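The next block holds one structure in the form of structure tokens; read it before the comments.
Remember, predicted model here, so these are calculated numbers, not experimental data.
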Amino acid sequence: MKVYVESTVANLQPVPLKVALHGMDARSQKTMALYLKGPCRGAGIVVEDADADVNLIDADFPAAGEILQTCQSRHPDRPVVLLSLQPLQINGTDFVQKPVNAERLMAVLNKFKALTSALSQPQNAVEAKEKTGDEVIKTPEQAKKRVLYEGNEGGYARFLGLLPGVEFNNLEQIVKAGFDPKLYYLNYVLSACKVTCRENRALQLRSIWKPLLIFPDTRQVWLDADDKQLRAFAGVEQAKGFAASIGLSPLDESVRGSLAPEKFQALEVFVWKLAIWTSKGRFPLFLPPEQPVYLKHWPNFTRLLLLPDALRISSLLIRDARAPLEIIDILEAKPQHVFAFISACHSLGLLEPGERRRAQSVAAQPPVAGKKHGLLSKILHRLRAV
């Protein structure tokens, strides 16, 4: 049996993209609605979350990280646009810097509008192809999902990096899925960052790969490579002779102005990504999965690539020390996601091994003698005493 796609060509009036706003108060929502209608020339219209085509999130909102994870879990196929004063590179999202430029926002929204229109309209008969009866015709939602995840190289599995021979559903293999950071590029980057910050001067890390420039004053790095190249090099175990090519040298500050601005990255963002791609879902050998660990403070999720279950894992580790195997069991999370998160947090100095001292985690600081306390402080003090 043959199936033909018929042509229905019509002159359609431009339809605004339906946008859901998150992380904004009523006043900000009203301002954004007027901005979309006016300067953005009707490129979008504000609607309720259930009816939206795109999620627009104010990433500077205190709970933006939680909002992002909620949006992605509820509507994994829906595009997300982040607004922030600081440059953001979060996987699976588009970014518009504040103060919002109408042309930039329109360009992002029109990109998704074109995708939505293409999926909702039948194809031209000239472009339509015959399909035999045993072929599956993709629904618009399936096609949309395929297009959106093409740039992500297949989702989180490929994002983390594939590990042939490791079956993460097998407990015996899970506890053996470790790696030694000293054998990877990550180790040299972390050492270079420590030296650079301690000496408070710009340095260049030389290796068999591209030079990495580190600027401690702005906490930025500069690397002439894209994320795909970095991900490939991060996962390569270095030969014994690699150390001979490693070196740190002072960097003339005047070179900063001649560097391509788009290749600068925040230091913490770079280290976070590098640790994830080095881990490939494995745990560092010096932090075995049966050893409890805890977070000293929350990662800055408004800037960092968000791993699955990262917020839930953080919530556990902020309150008390937990072993990674325990986290996997409690949250029913994938081991590779937990291990990658542990590796990334440790590389940023956010993680501590051992039991968290109870006094450190929950006890309130005693009031300072002679100091006047506000009403809220008095209420909290009274509640703690109950």
Side-chain angles (χ1 to χ4, degrees), residues 5-61 63-125 127-128 137-152 302 306:
V5 180
E6 297 181 356
S7 171
T8 56
V9 181
N11 294 323
L12 301 176
Q13 294 296 323
V15 178
L17 198 67
K18 292 178 286 186
V19 180
L21 304 180
H22 304 274
M24 304 181 191
D25 57 22
R27 181 178 179 181
S28 298
Q29 289 187 11
K30 184 175 181 180
T31 301
M32 179 56 67
L34 293 173
Y35 193 78
L36 291 171
K37 184 177 180 180
C40 291
R41 300 194 288 276
I45 183 173
V46 176
V47 298
E48 295 296 326
D49 178 69
D51 303 320
D53 300 314
V54 174
N55 286 322
L56 189 65
I57 303 175
D58 185 346
D60 296 329
F61 187 72
E66 297 179 22
I67 292 173
L68 174 59
Q69 188 172 37
T70 300
C71 289
Q72 291 180 327
S73 62
R74 286 181 179 175
H75 307 285
D77 302 328
R78 183 184 293 178
V80 175
V81 181
L82 301 178
L83 308 179
S84 177
L85 291 168
Q86 301 297 327
L88 298 178
Q89 293 181 340
I90 297 180
N91 196 54
T93 69
D94 280 71
F95 168 68
V96 176
Q97 189 158 10
K98 297 178 183 176
V100 177
N101 177 275
E103 296 300 324
R104 167 61 180 160
L105 182 57
M106 287 173 59
V108 172
L109 295 180
N110 286 334
K111 176 179 69 173
F112 295 126
K113 184 191 298 185
L115 174 62
T116 303
S117 299
L119 294 174
S120 61
Q121 297 297 324
Q123 295 181 6
N124 187 284
E127 298 176 349
I137 300 175
K138 288 184 173 62
T139 65
E141 194 63 27
Q142 289 173 324
K144 182 177 180 181
K145 183 174 182 179
R146 178 183 61 79
V147 173
L148 289 177
Y149 282 98
E150 261 183 356
N152 194 16
T302 61
L306 194 62

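Considering all non-hydrogen atoms of both residues, R104 and N101 come closest at N-OD1, 2.9 Å. Taking each heavy atom of N55 and H22 in turn, the nearest pair found is OD1-NE2, 3.0 Å. Heavy-atom minimum distance, D60 versus L85: OD2-N, 3.0 Å. The two residues P39 and M106 have their closest heavy-atom pair at O-SD, 3.8 Å. The two atoms that bring I90 and T93 nearest to each other are O-OG1, 2.7 Å, heavy atoms only. Nearest heavy-atom pair across A64 and D58 is CB-O, 3.8 Å.
In this structure, OG in S73 is found 9.5 Å from CG in L68, a value given to the nearest 0.5 Å. Here the CG atom belonging to L109 is positioned 12.5 Å from the CD1 atom belonging to I45, to the nearest 0.5 angstrom. The CG atom of L105 lies 6.5 Å from the CE atom of M32; values are rounded to the nearest 0.5 Å. The line from CG of L36 to OG1 of T31 is 11.0 Å long, rounded to the nearest 0.5 Å. Between Q97 atom CD and L82 atom CG the span is 12.0 Å, to the nearest 0.5 Å.
No donor-acceptor pair under 3.5 Å is formed between the side chain of R74 and the backbone N or O of A50.
Applying the 6.0 Å contact sphere to NZ of K30 captures no more than 12 heavy atoms from other residues, nucleotides or ligands.
Contact annotation: the side chain of C71 approaches that of I57 to within less than 4.5 Å [non-hydrogen atoms, C-beta and beyond].
In this structure H75 satisfies the side chain to side chain contact (heavy atoms under 4.5 Å, CB included) test together with D49, R78, sequence neighbours excluded.
Under the 4.0 Å criterion applied to side-chain N and carboxylate O atoms, E103 and R41 are assigned as salt-bridge partners.
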